[in-house]
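For reference, the structure discussed in these notes is given below.
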Amino acid sequence: MIGSRVVAEGWGWRHASRRAPALADVDFTIEPGERVLLLGPSGAGKSTLLAAMAGVLGGADEGDESGSLSVDGVRAVDARGRAGLVLQDPEANTILARIGDDVAFGCENLQVPRDEIWQRVRRSLDAVGLDYPLDRSTMHLSGGERQRLALAGVLAMGTGLLLLDEPTANLDPAGIADVRSTVARTLDETGATLVVVEHRVEAWYDVIDRVIVLEPGGGVLADGPKDAVLGEHGDALAARGVWVPGHPIDFDRSRVVGEQLLAANGVSVGFGDRIVQRDVDVTVSAGESLVITGENGAGKTTLLHALAGLTAPVSGTVDAAAGFAPARSLHPHRWRSRDLLTRIGTVFQQPEHQFVAASVREELAIGPRQAKLSGVDEIVGRLLESLRLSHLANAHPFTLSGGEQRRLSVATVLATAPRVLVLDEPTFGQDRTTWRELALMIAEHVDSGGAAVSVTHDEQFIRLLGDARLTLQKSLSESRRA
């Protein structure tokens, strides 16, 4: 296989619902076999550019294109099948009900012979470490496992252009290492061209050889060999929100742990007849940030939903303190939605699962109105400004970038000022600036007497907000708290 060549000449795109372009005047040439890391602040158009390279950005009814973008000399929109794209959202990557069929789907569309398809399927699943039977339901995979499944599907296609949009965002450390080594090995064997979007440079530094940095709403801010771009321009890029190695984030906190708000006692959780975690004991206290960590598939999200009152545990109990619970029940899963609004707010792993309005401004107003809070316009305005969403107030939530959607999902929960924040991968998709602002907002909520429970693989988040840590093991029966 020979890697693909990608050429952008004055290329730009404006989404149909926006006045300003997502990208404009983008110029670069990526030669066959190059390994490129695409960087830029949140909202710089990185995912839009990847979708355009894959030929799936959409037609004229979805936006306006300027300039030209080609893959192997063919307009990108007409070159479908030359590129394999792993999307930012794990669920959006999943197409079919069984993992074997899902991996085979792309190969079938490329008319690969049947016998060869299943050889590719098994080889690709082995490569990403997804050791399940081919008939296993995709619905039973965690977000991180779905990300591995998506990568397996792209690897099986054997395309000349591999496009990865934050492929390690929801993976545990072992999964990150597996995916990175799998991609590197695939590139070595095939000569394919790589373009990867990832905020955390360290994860891909040893794989890539070139860095392209995008300017929000504009063209290319920096382009060149990785050492030159990140070394010579590191300070300036970090100041603009780009994650650069050697520029950690720190802020001061004032911790005072207060009364217990929630307690899980002997809790087992699962779905259907499958138990994914047994006999968990953990407490959530005011003034404390609890992080839940563990390998993909260990039941972190399922346990989080039980703590949030969204599902009932299979066995055991989740109890709220008498002064925190409404009069009707101490068990959060029995509370009405209005009771939860101002007590426990949940940020889902997939942000779009909690969007119901046609604009960002209206989305932020729904919770306060349901909770019958006063000063709704003031609440909305404050959150728009603090999370850098003011310029998107009238945009539809589904047109936002992944990082912008994550900030909006957190803002919708903060709008009703719940005492306990429950967050599933709260920092994915964030640039250095928005990451700090988001983490600082959570820290201030906790330090002012609230509480937070976060499922995360983000070591920097754990360092700053891991006041207590619950580590779940995939063996079902083991869990420990440090």
Side-chain angles (χ1 to χ4, degrees), residues 89-105 121-122 124-126 128-153 169-175 178-179 262-282 290-319 331-334 346-350 353-354 422-425 453-457 470-481:
D89 176 8
E91 285 202 3
N93 289 302
T94 307
I95 300 170
L96 298 176
R98 297 182 298 186
I99 67 171
D101 296 338
D102 196 78
V103 176
F105 181 78
V121 167
R122 292 182 178 88
S124 299
L125 287 170
D126 288 343
V128 300
L130 205 56
D131 186 21
Y132 290 129
L134 297 184
D135 62 354
R136 182 174 180 87
S137 171
T138 54
M139 293 295 292
H140 291 168
L141 299 179
S142 69
E145 289 171 329
R146 286 189 184 222
Q147 202 73 329
R148 296 192 194 200
L149 179 67
L151 180 59
N170 295 316
L171 296 183
D172 57 49
D178 285 346
V179 166
L262 294 171
N265 300 293
V267 165
S268 297
V269 293
F271 37 85
D273 57 357
R274 181 169 174 248
I275 305 298
V276 296
Q277 197 59 228
R278 299 179 186 276
D279 301 324
V280 176
D281 296 315
V282 69
L290 168 69
V291 296
I292 301 176
T293 62
E295 58 188 319
N296 295 123
K300 300 183 298 297
T301 294
T302 310
L303 175 62
L304 196 74
H305 289 173
L307 292 174
L310 302 180
T311 59
V314 175
S315 61
T317 61
V318 176
D319 300 312
H331 305 305
H333 72 273
R334 298 185 182 277
T346 303
V347 174
F348 294 102
Q349 190 175 74
Q350 281 75 44
H353 285 186
Q354 57 198 92
V422 174
L423 310 116
D424 200 346
E425 301 287 359
V453 184
S454 307
V455 165
T456 185
H457 297 298
L470 175 69
T471 301
L472 301 182
Q473 306 295 330
K474 204 171 179 179
S475 61
L476 302 184
S477 59
E478 296 178 18
S479 62
R480 65 180 185 276
R481 188 182 186 198

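Looking only at side-chain heavy atoms (C-beta outward), L470 and L303 come within less than 4.5 Å of each other. Proximity of L125 to L149: side-chain heavy atoms (C-beta onward) are separated by under 4.5 Å at one or more points. Between V282 and L290 the shortest side-chain heavy-atom distance falls below 4.5 Å. Taking 4.5 Å as the limit, every side-chain heavy atom of Q349 sits out of range of all side-chain heavy atoms of L304. Using a 4.5 Å heavy-atom threshold, the side chains of N296 and H457 count as touching.
The only option from V455, V314, V276 that meets the side chain to side chain contact (heavy atoms under 4.5 Å, CB included) definition with T302 turns out to be V276.
The backbone N or O of V128 sits nowhere less than 3.5 Å from a side-chain atom of D178 that would complete a donor-acceptor pair. Judged by distance alone, the side chain of K300 and the main-chain N or O of L472 form no donor-acceptor pair under 3.5 Å. T138 contributes a side-chain N or O that, together with a main-chain N or O of L96, makes up a donor-acceptor pair within less than 3.5 Å. Judged by distance alone, the side chain of Q354 and the main-chain N or O of F348 form a donor-acceptor pair under 3.5 Å. Counting only distance, with no hydrogens or angles, the side chain of S268 and the backbone of D279 share a donor-acceptor pair below 3.5 Å. In terms of modelled atom types and a separation under 3.5 Å, the side chain of D281 and the main chain of G266 share a donor-acceptor contact. Judged purely by atom type and a 3.5 angstrom limit, E425 has no side-chain atom pairing as donor or acceptor with the backbone of Q350.
Residues L262 and L307 share a closest heavy-atom pair of CD1-O, 3.7 Å. I99 and P133 get closest at one heavy-atom pair: CD1-O, 3.3 Å. In terms of heavy-atom proximity, S124 sits nearest to A152 at CB-O, 3.3 Å. For the residue pair R274 and H140, the shortest heavy atom distance occurs at NH1-O, 3.7 Å. A pairwise comparison of heavy atoms in H331 and V318 identifies ND1-O, 3.4 Å as the closest pair. When all heavy atoms of A174 and R148 are compared, the closest pair comes out as C-NH2, 4.4 Å.
Rounding to the nearest 0.5 angstrom, the gap separating the OG1 atom in T346 from the NE2 atom in H353 is 14.0 Å. Annotation: the span from Q473 atom CD to Q277 atom CD amounts to 8.0 Å, rounded to 0.5 Å. Atom CG of L310 is separated from atom OG1 of T301 by 11.5 Å, given to the nearest 0.5 angstrom. Interatomic distance, H333 NE2 to T317 OG1, rounded to the nearest 0.5 Å: 9.5 Å.
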Point to revise | Working for side-chain contact (heavy atoms from CB on, under 4.5 Å), residues L134 and V121 | key: CA-CA 9 Å; L134 297 184; V121 167; 4.0 Å; yes
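The number of heavy atoms from other shown groups lying within 6.0 Å of CZ (R98) does not exceed 12. Applying the 6.0 Å contact sphere to CG of D131 captures no more than 12 heavy atoms from other residues, nucleotides or ligands.
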